[in-house]
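Remarks on the structure that follows.
Letters A, B, ... are given to chains in the order of the sequence lines, protein chains preceding strands, and every chain is numbered from 1.
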Amino acid sequence: MSGGGAPQGAGSGGEGCTCVADEEGCRLEEDGGSGFSDISDSELLSLQDAAESGDTCSAKKEGLEIIHDNCGKSDVSTGAEQGHHSHHMGLNSAENPVPSDSAQRKRKQKSPTPLEKYSMKHLAVTDICNQIWCEQQMVYKIEQPTVHRPESRAIINEGSSIHLARELEVHDVVPVTTQSREDSWALKCLNILAMIPVLQSGGRIREFPVFRELDGIMVVGVIDELGYSSKGELELRELKTRATPTLPRLAQKKSHELQVCLYKLLFDGMVSGVLQADAVMQHENLRPEQELGADVKEHAIKCGLTVTTLRDVLELTFLNLTFSELPRIDSLKLEYCYQGDSSFLGFDTVTFKEESVMEQVTFYLSYWKGQRDIQGVDIEDAWKCRMCDFADICEWRRNTPRLYRTMTKRFK
DNA sequence: ATTGCTGAAGGG
């Protein structure tokens, strides 16, 4: 069951709070139920309020037009069901139109890299983790983010709500309206600024945003939990909720392990000063002097900060990160628990080997830079296809007949 | 720049 409670408005009793970008309610999906079902009642209410009070509810981002007197969940015009990555695929028809060396301007002749093709400014840590599971599937997920078999969807929703419940144990979540990507980044920074002192005083935090350039690509993520072990070491904890009361098998563990290693790589970089405001601005194509939205500025004031532009916030954040002398992450822990009865299944301690992690990162990012072809699952991993949401449309499978036979074989 | 494109993680 999806019990994900709504992050209610600014609670007063918490030890802290996190702001979530409340993109004017644009986190909507066509299908009222199977999609991101955790749009909460309170979010819907605030949407309706906004509509009634005549607020423009135009959601240009995502190419989604909402008729604003019908701003309810069931009335979302589609167009978003393919998500933001829904650039029409398969434009190969017009390819290489005769290299008429004359009129052809200085446009790049070479085909775009996958990163360019999907207009991605950055990769998420979880993109890379999906990539380690199956690169072909990861691409399908980017192209069609809302495609899920119902059973996958239910398990994922349950996991989300358990995570949210845990988050609410350590701080409140207050919705903040963002009007631009600059606003979203500012909010991310405000969250970091709010969490630094908690870490400094030995406290525990959840949902810590991290980002850093790796191999020329911006990688962003959110650390599930940071706290201190009994030995006083800074410890990263990543909760994995499971649909079966079993520990994961190797293939899945590999993905989880890389996930926490990537978080450490990003976090350590941030506290040791490798971040530069300009690099972030360039990668993300942000306007540094753009004035921040009213709600973001208002929230900054509540945090005791007077800021007007994203540059202000970013630089403040980087200064704080480097001068707070936060430790690097000492220990990486995966915690598994069973969705059914919340019982604890076990811990895994992950060893961080920098060379090995960087080697993997280089390999996975090379795909995004167009340096190699896509690589679907190997024969021995063909079992993954049996529970893949995209099995029936998969090019990799179609082009790998041996894989298909292995996959469909009912072994034993 | 056919001028702008995205909360990440969520589980297997």
Quiz item: F363(A) ring centre to R372(A) NZ or CZ under 6.0 Å, with the angle to the axis within 45°?
Solution: yes
Quiz prompt | Interatomic distance where CG belongs to L187(A) and C1' belongs to dT6(B) [whole Å] | solution = 15 Å
Exercise. Determine the interatomic distance between P on dA1(B) and the same-named atom on dC5(B); round to the nearest Å.
Key: 16 Å
Quiz item: Counting N and O atoms only, with roles assigned by atom type, does the side chain of N320(A) sit under 3.5 Å from a partner on the main chain of L193(A), one being a donor and the other an acceptor?
Solution: no
Quiz item: Is a side-chain N or O of Q339(A) found less than 3.5 angstrom from the main chain of I155(A), in a donor-acceptor match?
Solution: yes
Practice problem: Mind calculating the distance between CZ (F211(A)) and P (dA9(B)) to the nearest angstrom? | Solution: 13 Å
Practice problem: Check every strand shown and say whether N130(A) touches a base, only sugar-phosphate, or nothing at a heavy-atom separation below 4.0 Å. | Solution: base
Quiz item: Reckon Y336(A) touches a base, only the sugar-phosphate, or nothing at all at heavy-atom distances under 4.0 Å?
Solution: nothing
Quiz prompt | Atom-to-atom span, CZ of R153(A) to P of dG11(B) - whole angstrom | solution = 12 Å
Practice problem: Determine whether the side chains of H171(A) and E167(A) contain a donor N or O and an acceptor N or O closer than 3.5 Å. | Solution: yes
Exercise. May I have the distance from I128(A) (atom CD1) to dA9(B) (atom P), rounded to whole angstrom?
Key: 9 Å
Exercise. Let me know the distance between NZ of K117(A) and P of dA1(B), rounded to the nearest Å.
Key: 22 Å
Exercise. Only counting residues at least two apart or in another chain, list the ones meeting salt bridge (charged side-chain N to carboxylate O under 4.0 Å, His left out) with E238(A).
Key: K240(A)
Exercise. Could you check whether K121(A) gets within reach of a base, just the sugar-phosphate, or nothing at all, counting any heavy atom under 4.0 Å?
Key: base
Quiz item: Of all residues at least two apart in sequence or in a different chain, which pass the side-chain hydrogen bond (donor to acceptor under 3.5 Å, both in side chains) check with T362(A)?
Solution: D215(A)
Quiz item: Nearest to the side chain of M387(A), which nucleotide is it out of dG10(B), dG12(B), dA9(B)?
Solution: dG12(B)
Practice problem: Quickly work out the E238(A) CD to dA9(B) P distance and round it to whole Å. | Solution: 8 Å
Quiz item: Do E151(A) and dG11(B) have a side chain to base donor-acceptor pair shorter than 3.5 Å?
Solution: no
Quiz item: Just to confirm, is there a sub-4.0 Å distance from OP1 or OP2 of dA8(B) to any side-chain nitrogen or oxygen of H122(A)?
Solution: yes
Quiz item: Checking all strands, does T241(A) fall into the base, sugar-phosphate, or nothing category for heavy-atom contacts under 4.0 angstrom?
Solution: sugar-phosphate
Quiz item: Counting side-chain heavy atoms from C-beta on, which of dG11(B), dA8(B), dG12(B) comes nearest to H163(A)?
Solution: dG11(B)
Practice problem: Would you mind reading off the distance between Y118(A) atom OH and dG4(B) atom P, rounded to a whole angstrom? | Solution: 24 Å
Practice problem: Mark yes when over 12 heavy atoms from residues, nucleotides or ligands other than E233(A) sit less than 6.0 Å from its CD; otherwise mark no. | Solution: yes
Quiz prompt | Proximity to the side chain of T126(A) - top-ranked nucleotide from dA9(B), dG12(B), dA1(B) | solution = dA9(B)
Quiz item: Has the side chain of K141(A) got a donor or acceptor that lies under 3.5 Å from a partner of the other kind on the base of dG11(B)?
Solution: yes
Quiz item: Taking atom P in both dA8(B) and dG12(B), what distance in whole Å separates the two?
Solution: 23 Å
Practice problem: Just compare dA9(B), dG11(B), dT6(B) and give me whichever is closest to any side-chain atom of H148(A). | Solution: dG11(B)
Quiz item: Among dG11(B), dG10(B), dA1(B), which nucleotide sits nearest the side chain of Q339(A)?
Solution: dG11(B)
Self-check item: Nearest-nucleotide 5' precedence on DNA chain B, S152(A) against R287(A)
Solution: R287(A)
Quiz item: Closest nucleotide of DNA chain B for I156(A) versus for E284(A): which of these residues is on the 5' side?
Solution: E284(A)
Quiz item: Given atom CD of E167(A) and atom P of dA9(B), what is their separation to the nearest angstrom?
Solution: 13 Å
Quiz item: dA9(B) phosphate, OP1 or OP2: any side-chain N/O from K240(A) under 4.0 angstrom?
Solution: no
Quiz item: What does R249(A) touch in the nucleic acid at a heavy-atom separation under 4.0 angstrom: a base, only the sugar-phosphate, or nothing?
Solution: nothing
Quiz item: Does Y263(A) have a side-chain nitrogen or oxygen under 4.0 Å from the phosphate oxygens OP1 or OP2 of dA9(B)?
Solution: yes
